[in-house]
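Just below is one structure, and these are the notes that go with it.
Note that this is a predicted model, so its numbers are computed, not measured. In each ligand, atom 1 is the first atom listed, and ligand 1 is the first ligand listed.
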Amino acid sequence: MEANIIHLATVTSTQDVAREMTPRRVGTVIIADAQEKGRGRRGHVWLSPRGGLYMSVIMQSDPLLSLRAGIAVARALQKLGIDARLKWPNDVLAKGKKIAGILIEASAEIAIVGIGLNVDSVPLPEATCVERETERSVTRDELLHAILREIRIACGDDIIRAYRELCCTIGRTVRVSSAAGKDVTGIASGIDRDGHLLVVDGRNKHTIVGGDCEHLDAGV
Ligand code: BTN
């Protein structure tokens with residue numbers, strides 16, 4: 001995937017800019033200094049002050065893209081020395097605190113992969129950022145290129161195996177608000193070959209296709 005990088009100042013959302021582009025070329029990357037209406041998953045707002053990394057990558061649709069993007073961001077951060085792990089499906093955590101989020105908006109052929117990464121500041125008290133974790137200054141350019149490189153590498157990988165290795169949800173007590181509006185509480189027992197989360201609650205085993213996941217225990 002050859003990247004064509006378009007750097008903008010303030011936008012509503014890099015997702016909107018990517019969506020409005022014609023033609024929408026695979027490999028185009030929109031990056032903005034700030035967003036006025038940054039979007040998160042499931043209708044959440046993504047606070048986007050200057051200093052963070054806000055990027056949208058136009059890619060070919062692929063059912064495992066969300067996991068692949070998570071793997072790429074986690075690996076890019078690990079190369080900086082951050083112990084980055086994935087909370088299902090694709091929240092990137094460092095020491096249990098959210099450092100990056102991923103939003104995929106897809107049609108049958110094209111997917112817009114939005115990545116928001118806290119770099120030099122923390123928009124919410126329960127979050128963290130790259131500079132806090134590395135204790136040094138890291139440029140957005142360095143992060144952008146590291147993530148794009150890892151997205152390319154994760155293409156040919158065994159995505160599910162790589163994802164399971166990075167996922168800190170497996171083995172935890174979780175509450176998942178599923179996309180179908182149902183809450184499930186239990187032990188996250190694994191990730192199936194489609195990237196769905198398996199949750200055991202007593203004798204019932206649930207396969208969760210999409211939703212918000214909360215870790216209820218402190219983990220090890
Ligand atoms: C989440 O964890 O809820 C996903 C957050 C995704 C935020 C990124 S920032 C770049 C792109 N533009 C947006 O409006 N959202 C994504």
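- The one candidate from I104, I110, I151 that meets the side-chain contact (heavy atoms from CB on, under 4.5 Å) condition with M59 is I151.
- For Q35 (side chain) and T14 (main-chain N/O), a donor-acceptor pair under 3.5 Å exists by modelled atom type.
- Scored by the salt bridge (charged side-chain N to carboxylate O under 4.0 Å, His left out) test, K95 finds E133 as partners (sequence neighbours excluded).
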For ligand 1, find each of its N or O atoms that sits under 3.5 Å from a protein N or O atom, and tabulate the pairs with distances to one decimal place.
| unit_1 | atom_1 | unit_2 | atom_2 | d |
| --- | --- | --- | --- | --- |
| ligand 1 | 2 (O) | K98 | NZ | 2.6 |
| ligand 1 | 3 (O) | R41 | N | 2.7 |
| ligand 1 | 12 (N) | T14 | OG1 | 3.1 |
| ligand 1 | 12 (N) | Q35 | OE1 | 2.9 |
| ligand 1 | 14 (O) | S13 | OG | 2.7 |
| ligand 1 | 14 (O) | Q35 | OE1 | 3.4 |
| ligand 1 | 14 (O) | R39 | N | 2.7 |
| ligand 1 | 15 (N) | R39 | O | 2.7 |

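- Side-chain contacts under 4.5 Å among hydrophobic residues (ILVMFWY), followed directly or transitively, place W46 together with Y54.
- Under the 4.0 Å criterion applied to side-chain N and carboxylate O atoms, E214 and K98 are not assigned as salt-bridge partners.
- For R25, the salt bridge (charged side-chain N to carboxylate O under 4.0 Å, His left out) criterion is met by no residue, not counting sequence neighbours.
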